[in-house]
Number of protein chains: 2
Amino acid sequence: MVTAREVAQLCGVSVATVSRVFNRPATVSATTRERVERVARDLDFSPNESARALSRQQSAMVGLVWDTDHRRPGWRHPFLQDLLLGLKSALSSHGYHLLLLATSDDARDRRPGVSLADPIGYVSMTRRHHLAGLVLIDSGTDADAFTAFAQSGLPCVALDVALSGPRATHVTSDNAGGAAEAVRHLAALGHRRIATITGPRGNAPAAARTEGYLRGLAEAGLTAREDLVITGDYYRESGFVGMRRLLARKDPPTAVFAASDEMAVGALLAARAAGLRVPGDLAVVGFDDIEVASLVDPALTTVAQDKPGFGTAAAGAMLAMIENAGAPEPVLLPTKLVVRDSCGGHPRR
Amino acid sequence: MVTAREVAQLCGVSVATVSRVFNRPATVSATTRERVERVARDLDFSPNESARALSRQQSAMVGLVWDTDHRRPGWRHPFLQDLLLGLKSALSSHGYHLLLLATSDDARDRRPGVSLADPIGYVSMTRRHHLAGLVLIDSGTDADAFTAFAQSGLPCVALDVALSGPRATHVTSDNAGGAAEAVRHLAALGHRRIATITGPRGNAPAAARTEGYLRGLAEAGLTAREDLVITGDYYRESGFVGMRRLLARKDPPTAVFAASDEMAVGALLAARAAGLRVPGDLAVVGFDDIEVASLVDPALTTVAQDKPGFGTAAAGAMLAMIENAGAPEPVLLPTKLVVRDSCGGHPRR
DNA sequence: CTGAAAGCGCTTACAG
DNA sequence: CTGAAAGCGCTTACAG
């Protein structure tokens with residue numbers, strides 16, 4: 001590995017100057033700068049990142065906390081790939097890499113041979129790696145650690161959880177707005193008994209979607225019925241079971257808004273199992289717009305989240321924090337109702 | 001951040017001793033070791049990773065190259081999430097984190113203000129970050145850079161590409177075997193005119209699947225027909241178009257093996273568009289077993305890849321290389337035929 | 001505009 | 001078993 005020292009020697013300057021060319025080019029005379037740049041390029045030199053991080057107390061890495069271990073097996077983020085892609089591209093263009101952190105359960109952060117159990121906190125992990133900041137994906141289980149981190153003053157952007165702090169902000173879909181739109185769509189099609197299958201208790205987006213559902217009913221002049229609200233957990237199975245229960249009500253719904261596409265698919269299956277046709281006998285709307293949504297039969301009408309937007313917004317907020325001091329405003333990503341076949345087409349009026 | 005120096009002072013030992021407790025505990029007397037461990041724990045100390053990486057010339061990070069930029073928009077790895085999960089967990093348990101590298105196009109690795117265009121190679125990037133090694137996901141476009149890296153002597157495990165080198169190995173599904181099994185399954189159901197829609201030219205798994213297709217035909221005593229082999233590109237659209245062309249043959253196939261589930265779905269849609277029933281008029285088998293496979297109608301019979309196995313195997317090979325010298329044997333992951341409804345059930349005999 | 005020097009926080013031969 | 005010292009490769013006040 002060629003070092004700054006070698007470049008310096010070849011150029012007849014000090015390493016300080018080489019360093020300046022890379023960090024504050026404006027403070028170096030044009031002649032020297034160009035010479036150093038040429039030699040650096042010829043030698044394929046660029047500054048060693050560990051050394052740079054150590055001396056600046058800041059690395060070119062942003063940490064990503066994606067805690068999977070407390071999840072039930074098979075858990076999948078509805079659009080992790082798009083999220084990562086958006087994050088990675090946006091961060092990349094500013095020279096940052098993404099460090100996927102090993103979290104709590106799957107390993108205490110120790111190397112083989114280290115017998116010492118070191119307590120792991122996001123704060124100390126961030127400091128130890130000199131990370132520029134942390135992106136936190138809501139896991140539901142680590143709420144306290146998340147809050148502690150947000151309070152720490154280290155740059156932090158949370159996805160799907162409303163965290164705040166001196167240098168913390170968050171990005172979320174307009175969950176309430178999207179849900180309300182879905183319900184209005186159903187109402188516009190003539191439905192009056194509109195049920196919902198919600199996400200898990202304690203999950204913020206789930207709560208917002210339920211809130212939007214209620215708002216949508218109100219806006220359509222419909223009154224909410226408690227027996228038409230069923231708690232699910234985002235997974236397909238809970239959509240199936242929930243729908244079955246809804247269909248057993250004395251005055252069963254003619255439409256259902258599921259807080260995730262997975263549950264909507266479950267509802268579709270339950271309807272089929274009960275001998276109902278969708279959308280003929282039952283209309284269903286999902287949330288997320290995962291790939292499956294367009295492939296099930298009938299294709300699912302759903303509230304689409306701005307998947308790459310999540311990554312881009314998170315990266316944007318993070319970069320802003322890294323470069324400035326305070327915390328940018330939280331980002332509320334607009335959703336979009338994608339009308340397909342599970343509600344019987346477009347509103348009648 | 002508490003440093004080794006503070007721990008040392010509190011314990012009345014040198015920093016060297018503190019360091020030894022973390023790196024070669026056996027070389028420290030039990031009494032001192034315990035004292036240091038206690039104090040370290042109380043102070044929530046663990047060694048700074050940048051400093052450690054700099055001085056050992058090796059970090060606790062494994063790089064991951066997932067190049068997305070040359071891909072057509074919308075490209076998705078069929079199971080990136082499972083792959084990441086497997087990788088992350090296995091690496092974590094040995095104390096390694098995963099660094100998602102910003103690759104070629106989306107950014108030259110420079111920070112704002114740096115005007116110097118530094119040529120990026122995987123080798124120099126690995127050295128600059130003192131990475132313990134690199135996991136390469138086949139992108140098809142970066143073949144030369146991949147090969148160069150594999151030759152470099154740095155630990156390298158490639159996924160889906162047969163790379164080798166002093167410290168390079170690779171993990172792949174048994175693509176040929178899986179494809180052959182799919183074809184035998186079709187033949188056992190009585191099909192004699194079995195077509196295939198392949199993956200893109202130049203893609204190694206695609207070539208292996210085609211080879212397996214031919215082998216499967218041979219094993220079933222059938223002769224291959226050139227007009228029943230259509231080149232696709234893994235995407236759904238190419239499955240649709242390919243199937244339409246196949247159906248236009250003078251002696252059209254009664255079954256098709258698609259080298260990806262996406263293309264199989266495309267084939268399903270083409271069959272439906274042509275007024276054919278699946279599996280009544282046409283049997284179809286896919287490859288991958290993505291989530292969608294079980295949700296399309298009819299549910300897709302397909303060759304499942306060992307998704308978490310990919311990550312685990314890659315991590316295992318990487319860890320072996322990090323700890324020893326040479327390159328472990330390449331890993332061939334077994335596939336598994338998942339029989340669902342798109343071929344008309346189980347073989348008749 | 002440039003250089004000498006201190007410092008970032010560890011690890012690891014080398015002595016003892 | 002333990003310590004003093006050198007070294008990993010940068011960056012950044014501080015002088016000049």
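Here is how names work: the chains are called A, B, and so on, in the same order as the sequence lines, proteins then strands, and each is numbered from 1.
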Closest approach of B:Leu100 to A:His97 (non-hydrogen atoms, all atoms of both residues): O-CB, 3.9 Å

Side chain B:His94, main chain B:Tyr96, donor-acceptor under 3.5 Å: no

Nucleotide-resolved protein contact map, nucleotides 8-16 of chain D, B/S/- at heavy-atom distance under 4.0 Å: BBBBBB---

For the student: nearest non-hydrogen atoms of A:Ala150 and A:Ser164, plus distance: CB-O, 3.6 Å

Runs of at least three consecutive pairs that involve DNA chain C, where pairs are Watson-Crick or G-U with distances under 3.5 Å: C:1-3 with D:14-16, C:5-12 with D:5-12, C:14-16 with D:1-3

Under 3.5 Å, sequence neighbours excluded: what are the donor-acceptor pairs made by side chains of residues 3-13 of chain A?
residue : atom : partner : partner atom : Å
A:Thr3  : OG1  : A:Arg5  : N            : 3.3
A:Glu6  : OE2  : A:Thr3  : N            : 3.3

Smallest separation among heavy atoms of A:Lys307 and A:Asp82, with atom names: CD-OD2, 3.5 Å

Closest contact, heavy atoms only, A:Arg33 versus A:Val28: NH2-O, 3.6 Å

Backbone N/O of B:Ser59 and side chain of B:His130: donor-acceptor pair under 3.5 Å: no

Length of the line joining A:Arg35:CZ and C:dC1:P, which is rounded to integer Å: 15 Å

Shortest non-hydrogen contact from B:Lys88 toward A:Leu101: NZ-O, 3.7 Å

N or O in side chain of A:Thr32 less than 4.0 angstrom from C:dC1 OP1/OP2: no

